[in-house]
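Working notes, structure below.
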Amino acid sequence: MNKEINLQSADNIRALAVAMVEKANSGHPGGPMGGADFMHILYSEFFNYDPSDMTWPFRDRFFMDAGHLSTLMYAQYYLLGNYAKDDVANFRQWGSITPGHPEVDVVRGIENTSGPLGQGHTMGIGAAIASKFLQARFGDWMNHKIYGFISDGGVQEEISQGAGRIAGHLGLNNFIMFYDSNDVQLSTMTDEVTTEDTEMKYKAWGWKVITIDGHDHDAIRKALVEANAETEKPTLIIGKTIMGKGCVTADGSMFEGHCELHGQPIGHTGADYEKTLVNLGVDPSDPFEIKPDVKAFYADILEKKKADAKVKKNEIDAWKKENKELADKLDHFLSGELPALDFESVVHKDGLATRAASSNVLAYLAENVENMIVSSADLSNSDKTDGFLKKSKALKRGDFSGAFLQAGVAELTMASIANGIALHGGVIPVVATFFVFSDYMKPAIRLSCIQELPVKFVWTHDAFRVGEDGPTHQPIEQEAQIRLLEKLKNHSGDPSFVALRPADSQETSVAWKMAMENTKTPTGLILSRQGIKDVPANSGSRYAEALNAEKGGYLVKETSGADVVLVANGSEVSTLIEAAGLLEERKNLKVSIASIPSEGVFRLQPKDYQTSVIPEGVPVFGLTAGLPVNLEALVGPNGKVFGLDHFGYSAPAKVLDDKFGFTGEKVYNEVLDFLK
């Protein structure tokens with residue numbers, strides 16, 4: 001083994017990271033300089049992928065947690081030919097493909113968008129779960145590894161607790177994580193904020209832990225060999241590294257390990273930019289050029305990667321020929337296509353809570369969609385994902401033949417794992433909890449939106465009607481927060497999220513249909529705890545009418561020449577139906593009622609359709625169990641929304657309905673006051 005060329009390669013990565021940050025006058029150079037040795041050894045000797053087929057489903061995957069170390073990835077992937085010289089030279093600039101934090105770009109080797117610390121490695125754990133799930137169904141030949149890279153900050157983020165616990169509990173031996181332990185964080189040294197024993201912590205969670213000198217190439221190799229051979233546990237490799245490895249001052253003396261090297265160009269610190277490049281063997285006049293020997297070395301590496309991938313592909317092709325039915329199923333999973341589904345066939349009793357209707361749909365999906373993983377944060381019997389669980393079984397250490405992940409009380413971890421499952425491909429992730437606890441999930445929901453991942457979020461106990469549990473468990477402002485994401489466009493120009501709050505059982509079936517068919521963005525189903533009166537069918541089939549919900553909104557009661565249009569979603573629609581009956585009976589008013597389960601989808605419809613549902617020039621009254629802003633854009637400047645502007649109280653749901661004004665009689669009076 002030519003140690004000199006390996007040291008040259010690592011130094012080249014260091015120099016590129018320094019140069020990118022210096023030219024951009026923005027970024028984090030010190031960490032990439034410390035992690036360069038591990039990255040080089042990992043990618044040159046252990047990482048299995050096909051450079052000519054970057055989206056190959058059976059490649060190893062690398063999940064970066066410390067997104068501020070993006071230059072470490074860009075420099076490494078530049079050596080591998082995934083980026084051009086101009087790409088790394090334009091780090092953090094408008095229009096470049098090297099943004100300040102990595103953004104998912106599988107063709108160039110970026111498996112996940114990272115930045116908020118803790119989520120990157122948790123997504124990696126999700127990918128490892130997806131890989132195990134598929135391996136249990138298609139064979140041990142599916143043995144690719146998932147690598148993670150975490151920093152001191154990521155280890156400190158609370159999400160690491162949930163991620164570490166779940167990975168250890170499930171025995172994810174296909175997950176290998178390098179912890180770049182350099183004792184420095186952005187504003188302090190780590191000993192100013194923590195004294196915990198990270199090695200003992202991960203061991204307590206059931207991980208294999210190896211502690212090494214993170215700059216010793218032989219030690220890195222040995223650790224990776226051990227990690228790849230591990231059969232029972234995920235592995236944490238704690239690499240003791242030096243922040244700003246290789247930095248020198250103007251007089252050539254070493255300037256390493258300083259906090260100030262973390263988050264600014266090294267030329268703004270006590271280090272000297274040009275002298276550091278010289279120390280790393282790079283010409284300061286051409287800092288983005290790859291050293292000739294390193295370029296030749298990596299050309300050989302790429303040829304070997306292609307050859308190794310060809311051997312693996314031949315093995316897979318042989319398996320496919322011998323297992324045609326399984327191979328077809330695997331191809332179907334990886335395509336992202338759904339099997340033929342008949343949501344109308346799902347039978348619901350009258351007056352169900354929409355969470356119970358969702359349970360019926362999940363039971364149907366458990367028997368008809370074989371590549372779903374459903375997860376609940378210790379609430380499966382309350383959020384009714386147990387409809388799925390009863391038709392499947394929980395994932396367990398050594399047995400991934402089930403399809404239900406019992407995440408425990410860890411909403412953010414669960415949601416981030418779902419993102420990783422979606423990023424891996426081949427598996428559809430569903431996660432569930434109470435709607436009020438969506439607050440714990442927001443950072444991962446946001447990354448679902450940014451990465452355009454079709455995660456399905458199930459949120460039950462959708463309003464103050466949670467009742468006796470009181471204000472901590474009664475969502476008021478949550479719907480407004482989630483619906484903001486329907487107004488926020490992703491980089492593809494689409495609304496970044498679809499939020500669906502169905503009015504009854506059949507709308508719930510349609511909402512699930514919409515969620516399953518939405519492969520471009522995340523979807524949230526917002527479901528009731530309490531039973532809801534079914535919306536009366538105007539024709540023979542309530543399901544056929546509820547299919548109009550696919551347009552985001554529609555009239556559940558249409559009256560020609562209506563005096564007023566009542567607008568709501570979810571359980572408030574049935575309250576409007578009751579109020580409309582009183583308005584017609586007592587005041588002889590003509591009333592239309594619109595159910596708008598998703599304003600975001602509704603706004604995508606042609607203008608003439610929108611005005612056919614909510615006509616211009618007609619009084620519009622909205623009813624919402626949340627903040628009035630939920631419906632204000634729909635009712636318009638001359639309309640009125642009756643909603644809540646306060647937290648809930650502990651009392652039975654029917655008492656709260658009465659006290660807060662959500663009965664047919666009280667809404668009848670509100671509408672009359674509005675019309676006056």
Are Glu230 and Lys233 within salt-bridge range, i.e. N to O under 4.0 Å? no
For Asp216 and Asp218 the tightest heavy-atom approach is OD1-N, 3.0 Å
State whether Asp87 and Arg108 are salt-bridged, where the test is any N-O pair (Lys NZ or Arg NE/NH1/NH2 against Asp/Glu carboxylate O) under 4.0 Å. no
Say you draw a straight line from CD1 of Ile212 to CZ of Arg221; how long is it, rounded to the nearest 0.5 Å? 11.0 Å
Quick check: closest heavy atoms across Ala377 and Met414, and the distance to 0.1 Å? N-SD, 3.5 Å
Would you say the side-chain atoms of Asp197 pair up with the backbone N or O of Met200, donor to acceptor, closer than 3.5 Å? yes
Under the side chain to side chain contact (heavy atoms under 4.5 Å, CB included) rule, collect the residues that match up with His101, sequence neighbours excluded. His68, Arg92
Just verifying a value: how many Å separate Leu7 CG and His217 NE2, rounded to the nearest 0.5 Å? 5.0 Å
Please check this pair: side chain of Asn371 against backbone of Gly426, looking for a donor-acceptor N/O pair closer than 3.5 Å. yes
Side-chain heavy-atom pair Tyr298, His40 within 4.5 angstrom cut-off: yes
What I'd like to find out is whether the side chain of Phe400 reaches to under 4.5 Å of the side chain of Ile373, using heavy atoms alone. no
Would a distance-only check, ignoring hydrogens and angles, find a side-chain to backbone donor-acceptor pair under 3.5 Å from Glu157 to Gly153? no
Say whether Tyr77 and Tyr43, considering side chains only, have a donor N or O and an acceptor N or O under 3.5 Å apart. yes
Strictly distance-based, threshold 3.5 Å: is any side-chain N or O of Asp65 a donor or acceptor partner for the main-chain N or O of His121? yes
Run the salt bridge (charged side-chain N to carboxylate O under 4.0 Å, His left out) test on Arg14 and Asp37 for me, step by step, so that the C-alpha distance in whole Å, both residues' side-chain angles and the decisive distance to 0.1 Å come before the verdict. CA-CA 9 Å; Arg14 284 186 254 275; Asp37 296 286; 2.9 Å; yes
I'd like to check the side chain to side chain contact (heavy atoms under 4.5 Å, CB included) partners of Thr211; sequence neighbours left out, ordered by chain and number. Glu199, Val209, Ile238, Lys240
Between Phe333 and Phe138, is the ring centroid distance below 6.0 Å? yes
Within a radius of less than 6.0 Å around OH of Tyr440, do more than 12 heavy atoms belonging to other residues, nucleotides or ligands occur? no
Residue pair Lys208 / Glu226, side-chain heavy-atom distance below 4.5 Å: yes
Heavy-atom nearest pair, Gln406 first then Ser380, reads NE2-OG, 3.9 Å
Let me confirm one number: the CD1-OG distance from Ile5 to Ser44, rounded to the nearest 0.5 Å. 10.5 Å
Under a 3.5 Å cutoff, is there a donor and acceptor pairing between the side chains of Gln185 and Gln156? yes
Is it the case that Arg61 places NZ or CZ above or below the six-membered ring of Phe63, under 6.0 angstrom from the centre and within 45 degrees of the axis? no
Evaluate the ring planes of Phe178 and Phe149, with Trp represented by its six-membered ring, and classify them as parallel (under 30°), tilted (30 to 60°) or perpendicular (over 60°). tilted
Check whether any side-chain heavy atom of Leu405 sits under 4.5 Å from a side-chain heavy atom of Val374, and report yes or no. no
Is a side-chain donor-acceptor pair under 3.5 Å present for Lys245 with Asn182? no
Mind checking what makes side chain to side chain contact (heavy atoms under 4.5 Å, CB included) contact with Ser70, not counting sequence neighbours? Tyr74, Phe91, Pro102
Under 3.5 Å, is there a donor-acceptor pair between the side chain of Lys384 and the main chain of Leu362? no
With side chains defined as the heavy atoms from C-beta onward, is the minimum distance between Ile13 and Leu72 less than 4.5 Å? yes
Under the 3.5 angstrom rule, does the side chain of Ser131 hit a backbone N or O of Ala128 as a donor-acceptor pair? no
Stepwise side chain to side chain contact (heavy atoms under 4.5 Å, CB included) check, Thr71 with Leu16: CA-CA 8 Å; Thr71 54; Leu16 285 164; over 6 Å; no
Lys310 bridged to Asp50 by N-O distance under 4.0 Å: no
Aromatic rings Phe255 and His258: how do their planes relate, parallel, tilted or perpendicular, breaks at 30° and 60°? parallel
Only residue of Lys312, Lys305, Lys304 satisfying salt bridge (Lys or Arg N to Asp or Glu O under 4.0 Å) with Asp308 is Lys304
Using the side chain to side chain contact (heavy atoms under 4.5 Å, CB included) rule, take Ile237 and Met177 through it: C-alpha gap first, then chi angles, then the decisive distance, then the call. CA-CA 6 Å; Ile237 300 171; Met177 182 161 68; over 6 Å; no
Chi angles and distances behind the side chain to side chain contact (heavy atoms under 4.5 Å, CB included) call for Leu280, Thr276: CA-CA 6 Å; Leu280 296 170; Thr276 295; 4.0 Å; yes
List the atom of Ser187, the atom of Cys259, and the distance in Å for their closest heavy-atom pair. C-SG, 3.7 Å
Going by heavy atoms in the side chains, are Leu412 and Glu158 under 4.5 Å from each other? no
For the side chain of Thr122 and the backbone of Gly118, is there at least one donor-acceptor N/O pair under 3.5 Å apart? yes
Flag, side chain of Asn112 to backbone of Gly420, donor-acceptor distance under 3.5 Å: no
Quick one: does Leu42's side chain get under 4.5 Å of Phe62's, heavy atoms only? yes
Looking only at heavy atoms, which two atoms of Gly168 and Arg397 are closest? And how far apart? O-NH2, 2.6 Å
Relative to the ring of His262, is the ring of His28 parallel (under 30°), tilted (30 to 60°) or perpendicular (over 60°)? perpendicular
CE on Met123 to CG on Leu453, rounded to 0.5 Å: 8.0 Å
Between Thr190 and Asp152, is any side-chain donor less than 3.5 angstrom from a side-chain acceptor? no
Do the side chains of Pro51 and Tyr49 get nearer than 4.5 Å, heavy atoms only? yes
Would you tell me whether His144 and Asn48 have side-chain atoms, one donor and one acceptor, within less than 3.5 Å of each other? no
Testing the basics here: between Trp205 and Gln161, what is the closest heavy-atom pair and its distance to 0.1 Å? CZ2-OE1, 3.4 Å
Side-chain donor-acceptor pair under 3.5 Å between Ser376 and Asp383, yes or no? yes
For a salt bridge (charged side-chain N to carboxylate O under 4.0 Å, His left out) check, start with the C-alpha distance between Glu111 and Arg59, then their side-chain angles and the critical distance, and finish with the verdict. CA-CA 11 Å; Glu111 297 284 355; Arg59 66 190 181 276; 2.8 Å; yes
Parallel, tilted or perpendicular: ring planes of Trp459 versus Phe457, cut at 30 and 60 degrees: parallel
